[in-house]
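To keep things clear, I will list the structure first and then write my remarks on it.
Remember, predicted model here, so these are calculated numbers, not experimental data. We use all heavy atoms of the structure for the numbers below, so side chains are in, but hydrogens, waters and symmetry mates are not.
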Amino acid sequence: MKAVVLKGYGGPEVLDFDEVDDPTIGPEEILISVRAAGMNRADLLQREGLYPPPDPKPQHEILGLECAGTVEALGERVTLFRKGQAVAALVSGGAYAEKVSVHERMAFAVPENLSWAEAAAIPEAFLTAYDALRDKAAVGAGSRVLIHAAAGGVGSVAVQLAHWMGALVIATVGTEEKAKWVQSLGADQSVVYRSQPFLEAAEAKGGVHAVLDFVGQAYWDDNISALVPGGVLVIIGTLSGPMASVNLGRLLQKRLTVRGTALRTRPLEARMALMQEFSQRVLPAISQGVLRPLLDQTLAFDEVAEAHRHLAAEQARGKTILLW
Ligand SMILES: NC(=O)c1ccc[n+]([C@@H]2O[C@H](COP(=O)([O-])OP(=O)(O)OC[C@H]3O[C@@H](n4cnc5c(N)ncnc54)[C@H](OP(=O)(O)O)[C@@H]3O)[C@@H](O)[C@H]2O)c1
């Protein structure tokens, strides 16, 4: 099969096409003929050698954490899918290829109202955002939530989900254009962080019960200040850097919880449980058009280097998708 392989670690120029062996499938795995693959910032880090794939190391280091396509082959114990069915899946790598194999419980049947690109935009963003809001921060009706990087692939889904769960949403973004867009997704207030401190906006609402943070270092102090007593800070990314100086007294006095989350390093069993919960609780709302996968750009796999430059430029609203 054809795949995008890494010639080394570095800039987009290390992305190259090569012929590699088809993936093998285990008894509970399906082989997916990939039609579309979602792109993630983790792909940029892995390309630079800063985000190695989990063990066991694959024979070829192929990027790509999510895809949509048709089921081409089934392991002997597969019960959830049949050949030819349209599925989308969360994988630990390998989606920038014509085929990828995955445990059947890491996939879901694609709702009929979605294109291949829309289906491929779902797994990483929806699972990460749903897990952060529901499991890590226990967000529900009446919660006030601060969501950073809200126009990004994960942030834009988090805004929709939090609104759908009945929370009041304050969203931070880099431009006025993004601010209007996240309001159209359900944010009650958007803050252009370059011109207004987000802490001011959070305090004006009486503080927030949860913060979904992708920024890290630069936002640590104000995130802690923005939380009400008993609030939860969920660290999903560290876009500004990973270091923070912690005043433990403030955590103690406000009885705060700080939780980190990572999807790819989680044991397979935990990822499967999350996928099943997502399929039961959230996928029906996507099928009904209540929640939407949001596409910024779709590019052909031939344009993969350009797609990486586009994602790195941080202009995107929603997801960037590669199509065969
Ligand atoms: N823990 C996990 O399991 C998990 C899963 C998925 C993603 N992530 C992480 O979550 C982060 C977001 O992922 P994504 O796919 O949503 O990325 P994305 O679509 O590329 O969006 C990221 C956005 O963050 C904003 N940003 C970047 N640097 C910033 C900074 N220094 N300060 C404030 N805002 C900044 C930019 O928007 P503005 O122009 O609005 O500033 C950028 O467009 C990444 O770090 C990614 O690695 C973690």
Side-chain angles (χ1 to χ4, degrees), residues 40-42 45 51 54 65 90 92 123-150 152-172 187 193 198-199 202-203 205-278 281-282:
N40 289 281
R41 289 195 84 77
L45 293 177
Y51 190 56
L65 300 175
L90 183 74
S92 299
E124 181 80 13
F126 272 83
L127 265 64
T128 301
Y130 176 75
D131 176 68
L133 288 164
R134 183 64 94 206
D135 181 64
K136 303 290 175 291
V139 165
S143 302
R144 296 190 295 275
V145 189
L146 174 62
I147 299 174
H148 293 305
V154 182
S156 57
V157 169
V159 169
Q160 286 191 74
L161 281 170
H163 175 68
W164 178 66
M165 291 168 175
L168 179 141
V169 180
I170 304 172
T172 71
Y193 59 79
F198 67 80
L199 180 56
E203 284 177 343
K205 297 276 190 250
V208 294
H209 302 97
V211 179
L212 263 56
D213 186 35
F214 306 86
V215 177
Q217 188 164 321
Y219 282 6
W220 169 262
D221 275 333
D222 283 352
N223 280 339
I224 295 297
S225 299
L227 286 164
V228 297
V232 183
L233 168 58
V234 187
I235 307 284
I236 307 170
T238 55
L239 286 162
S240 70
M243 303 307 287
S245 163
V246 183
N247 180 336
L248 296 171
R250 291 178 77 205
L251 297 187
L252 177 152
Q253 281 152 15
K254 289 177 83 174
R255 307 182 304 281
L256 300 179
T257 303
V258 179
R259 300 194 71 173
T261 181
L263 265 191
R264 188 157 85 156
T265 55
R266 231 175 268 196
L268 180 61
E269 294 297 330
R271 278 178 283 144
M272 291 194 300
L274 176 58
M275 176 61 87
Q276 299 313 308
E277 188 178 337
F278 159 81
R281 301 212 172 156
V282 183

For residues 157-169, tabulate all N or O donor-acceptor pairs below 3.5 Å that involve a side-chain atom, not counting sequence neighbours.
residue : atom : partner : partner atom : Å
Gln160  : OE1  : Arg292  : N            : 2.9
Gln160  : NE2  : Arg292  : O            : 2.7
His163  : ND1  : Gly186  : O            : 3.3

Exercise for the section: Using the side-chain hydrogen bond (donor to acceptor under 3.5 Å, both in side chains) rule, collect all pairs that involve residues 241-256, keeping only residues at least two apart or in two chains. Expected result: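 Sorted pair list: Ser225-Arg250.
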Exercise for the section: Would you check if there is a donor-acceptor pair between the side chains of His209 and Ser143 at a distance under 3.5 Å? Expected result: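 There is no such pair (donor and acceptor under 3.5 Å, judged by atom type) between the side chains of Ser143 and His209.
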Problem - Basic-acidic side-chain contact under 4.0 Å: Asp213, Arg259 - result: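 Answer for the salt bridge query: no.
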Are [X] and [Y] packed together at the side-chain level, in the sense that at least one heavy-atom pair is separated by less than 4.5 angstrom?
X      : Y      : value
Val282 : Glu277 : no
Thr257 : Leu233 : no
Val211 : Val145 : no
Leu274 : Arg266 : yes
Asp131 : Lys136 : yes
Val215 : Thr238 : no

Quick one: pull up [atom1] in [X] and [atom2] in [Y] and give me the separation to the nearest 0.5 Å.
X      : Y      : atom1 : atom2 : answer
Thr261 : Leu127 : OG1   : CG    : 10.5 Å
Thr128 : Leu90  : OG1   : CG    : 7.5 Å
Leu212 : Thr172 : CG    : OG1   : 10.5 Å
Ile147 : Phe198 : CD1   : CZ    : 13.0 Å

Exercise for the section: For Arg134 and Val139, run side chain to side chain contact (heavy atoms under 4.5 Å, CB included): C-alpha distance rounded to whole Å, both residues' side-chain angles, the deciding distance at 0.1 Å, then the answer. Expected result: CA-CA 5 Å; Arg134 183 64 94 206; Val139 165; 5.8 Å; no
Practice task
Indicate yes or no for a side-chain donor-acceptor contact from Gln217 to the backbone of Met243 under 3.5 Å, with no hydrogens or angles considered.
Solution key: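 Yes, the answer is positive, given that a donor and an acceptor are paired below the 3.5 Å cut-off.
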[X] to [Y] - nearest heavy-atom pair and separation:
X      : Y      : answer
Thr265 : Ala262 : OG1-CB, 3.5 Å
Val228 : Arg144 : CG1-NH2, 3.8 Å
Ala137 : Val234 : CB-CG2, 4.0 Å
Ala125 : Gly153 : CB-O, 3.5 Å
Ala226 : Ala202 : CB-CB, 3.8 Å
Leu256 : Gly230 : CD2-N, 4.1 Å

Practice task
Report the C-alpha separation of Val232 and Leu227 in whole Å, then their side-chain angles, then the decisive distance to 0.1 Å, and conclude whether the side chain to side chain contact (heavy atoms under 4.5 Å, CB included) test is met.
Solution key: CA-CA 7 Å; Val232 183; Leu227 286 164; 5.7 Å; no
Exercise for the section: Give a yes or no on whether the ring-centroid distance for Tyr219 and Phe214 is below 6.0 angstrom. Expected result: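 Judged by ring-centre distance (under 6.0 Å), Tyr219 and Phe214 do not meet the cut-off.
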Practice task
Examine His148 together with Tyr193 and report whether their ring centres are nearer than 6.0 Å.
Solution key: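 Between His148 and Tyr193, the centre distance exceeds or equals 6.0 Å.
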